[in-house]
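To start, the structure under review is shown below, and the notes come after it.
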2 protein chains.
Amino acid sequence: MALRHAVLAALLDEELSGYQLAKAFDMGVANFWHALPQQLYAELAKLEKEGLVTGREVVQDTRPNKRLFQVTEAGLAELQRFAATANKPSFIRDDLLVKVQAADHVGAGKLIAQLTERAAFADAKIELFGGLLRQMRGDRSEEEFLRHGERIGPYLTCQRGLAFEQGNRDWCRQTAAILRERTAHVRR
Amino acid sequence: MALRHAVLAALLDEELSGYQLAKAFDMGVANFWHALPQQLYAELAKLEKEGLVTGREVVQDTRPNKRLFQVTEAGLAELQRFAATANKPSFIRDDLLVKVQAADHVGAGKLIAQLTERAAFADAKIELFGGLLRQMRGDRSEEEFLRHGERIGPYLTCQRGLAFEQGNRDWCRQTAAILRERTAHVRR
DNA sequence: AGTGATTAGTCATATATTTGAGTATCACGG
DNA sequence: CCGTGATACTCAAATATATGACTAATCACT
């Protein structure tokens, strides 16, 4: 039940609408938490009812109006309380890994294609995250920024996301290569 | 809805009881899928009803009796069908990353402690996975094994688990170090 | 002789998440 | 001037996952 805390954490640095939040959860924030738009709207409504965030209507001429949310003091307090609680072990859920677990029984062709596709996807994320990191640290070096920057939280989690995707890409490529080699060998 | 497929994949190489499966999901298999015992028992019951696995009672003198499950041909077919479907992007859910995202607002002490704890946990998993990999490849070299071994699926996913935990450990250590340095600096 | 851990599960309930279908406005390309 | 896609949401229902409480035997110890 940490979706609420993920939302609070995402709203710490900027005021966002549900829609923007959904976009963020589909990119950067999704590094560490995954959720669909519907969930986010529902969670924001609950958080507002509980006074952990406040929304304000922003009237737009050219676009539908939106509601921007920001974390209240109570919200920050809740996040601080959460930060002090024991954490559950992180977990991954990945279709592709399930398939590779069954690799010896399921035909390598489709698997190789999926591994290749995933590697390409990981590459795209690596570039995206690289860009985000550069943007966050500006003209400072990484070390400089991490030592003296004001908001390093998002930077640190983005670093983890980057490393994760690099690991993903490397493993996908290597695994695909191994499967290719084996099928080539078997065919003869 | 890939829990069923994770269960099938886990049962491919050995006949297991629900209890053993739960253990496996708490260790190796949990690399790529996470589930509680209750879920596994429920899923096994459903899979049996649908004819994707068959269970057989094993009477034990010294322990309570158990039911061992194995994948049927229909189960294997279902897994093969699944292996050919598009995969959803993998996702992580991690309390600790949420907390680090909020690092600039929540007090570093607790965070550093949790990062250190997580790094130690990752270390334990690294050792465990290293041992599992050695066991699986026996006296063969890794390259030899991956080229000519019979069942490499579990080996490949375990490799991914190992790399993930190494990344986890490194990031936790580095992040903890950065937070420590910053608090030391601020205190002055 | 009693306590706690391990094996081997079951049941009920609550919460979280996903699936699917809608609503409405505006911008842009052809 | 029509379709496509983006912005900005909402609602209902189905499914998956998590929480908590149980049973019951055996082992390893103190």
Side-chain angles (χ1 to χ4, degrees), chain A residues 1-7 15-27 29-30 32-50 53 55-69 82 85-95 98, chain B residues 1-7 15-27 29-30 32-50 53 55-69 82 85-95 98:
Chain A
M1 99 153 177
L3 171 59
R4 63 191 314 102
H5 303 110
V7 169
E15 221 182 3
L16 292 171
S17 68
Y19 190 78
Q20 289 173 305
L21 202 56
K23 291 281 155 191
F25 267 73
D26 218 46
M27 295 215 325
V29 186
F32 58 86
W33 209 267
H34 164 88
L36 297 169
Q38 293 91 323
Q39 252 179 295
L40 296 171
Y41 286 115
E43 198 62 47
L44 282 171
K46 262 198 278 181
L47 286 168
E48 191 177 22
K49 210 174 61 187
E50 293 171 37
V53 303
R56 64 187 183 88
E57 188 87 13
V58 173
V59 179
Q60 298 184 122
D61 288 349
T62 147
R63 297 258 153 236
N65 297 346
K66 61 182 173 184
R67 303 199 66 219
L68 292 182
F69 293 92
F82 170 70
T85 63
N87 35 21
K88 307 177 184 165
S90 81
F91 68 86
I92 308 182
R93 284 199 173 135
D94 194 336
D95 283 10
V98 173
Chain B
M1 102 155 175
L3 171 60
R4 64 193 311 104
H5 303 110
V7 169
E15 221 181 3
L16 293 171
S17 66
Y19 189 79
Q20 289 172 305
L21 202 56
K23 292 280 156 193
F25 267 73
D26 219 46
M27 296 216 325
V29 187
F32 58 87
W33 209 267
H34 163 88
L36 298 169
Q38 291 92 322
Q39 253 178 293
L40 296 170
Y41 285 116
E43 198 62 47
L44 281 171
K46 263 199 278 181
L47 285 168
E48 192 177 22
K49 209 174 61 186
E50 293 172 38
V53 304
R56 63 187 183 88
E57 188 87 14
V58 172
V59 180
Q60 297 183 122
D61 288 351
T62 146
R63 298 260 152 233
N65 297 347
K66 61 182 172 183
R67 304 198 65 218
L68 293 182
F69 293 91
F82 169 70
T85 62
N87 34 22
K88 307 178 184 165
S90 82
F91 67 85
I92 308 182
R93 285 199 172 135
D94 194 336
D95 283 9
V98 173

Worksheet item: Can you name the residues that form a side chain to side chain donor-acceptor pair (under 3.5 Å) with B:Q39, not counting sequence neighbours?
Response: none
Worksheet entry | Non-neighbouring partners of A:S90 that pass side chain to side chain donor-acceptor pair (under 3.5 Å), sequence neighbours left out | none
Practice prompt. Output yes when a side-chain donor or acceptor of B:R67 lies under 3.5 Å from a complementary backbone atom of B:G18, and no otherwise.
Written response: no
Worksheet item: Does the side chain of B:L21 reach to within under 4.5 Å of the side chain of B:F69, using non-hydrogen atoms?
Response: no
Discussion item. Taking the side chain as everything from C-beta on, heavy atoms only, tell me whether B:D95 gets closer than 4.5 Å to A:W33.
Written reply: yes
Worksheet item: Using a cut-off of 4.0 Å on non-hydrogen atoms, how would the nucleic acid contact of A:Q60 be classed: base, sugar-phosphate, or nothing?
Response: sugar-phosphate
Worksheet item: How is B:R4 classified with respect to the nucleic acid when contacts are heavy atoms under 4.0 Å: base, sugar-phosphate, or nothing?
Response: nothing
Worksheet item: Which nucleotide of DNA chain C is the first, and which the last, in the 5' to 3' direction, to come under 4.0 Å of a heavy atom belonging to chain B?
Response: C:dT6 to C:dT19
Worksheet item: Hey, which of these two, B:G18 or A:T62, hits DNA chain C nearer its 5' end, going by closest nucleotide?
Response: B:G18
Worksheet item: Mapping B:Y19 and B:A42 to their closest nucleotides on DNA chain C, which lands nearer the 5' end?
Response: B:Y19
Discussion item. Using C1' atoms of five pairs at each end, report the bend of the helix from C:dA1-D:dT30 to C:dG30-D:dC1 rounded to 10 degrees.
Written reply: 40°
Response to the item:
Output for pair (A:K66 NZ, A:E57 CD), nearest 0.5 Å, gives 11.0 Å
Discussion item. For the NE2 atom of A:H34 and the CG atom of A:D26, what is their distance to the nearest 0.5 Å?
Written reply: 8.0 Å
Worksheet item: Minimum heavy-atom separation for A:A35 to A:L40, with atom names?
Response: CB-CD2, 4.1 Å
Worksheet, complete the sentence: What one should report as the nearest heavy-atom pair of B:Q20 and B:E15 is OE1-O, 4.3 Å
Worksheet entry | With sequence neighbours excluded, residues passing side chain to side chain contact (heavy atoms under 4.5 Å, CB included) with B:E43 | B:L3, B:R4, B:V7, B:K46, B:L47
Worksheet entry | DNA chain D: 5'-most and 3'-most nucleotides touching chain A, 4.0 angstrom heavy-atom criterion | D:dA6 to D:dT19
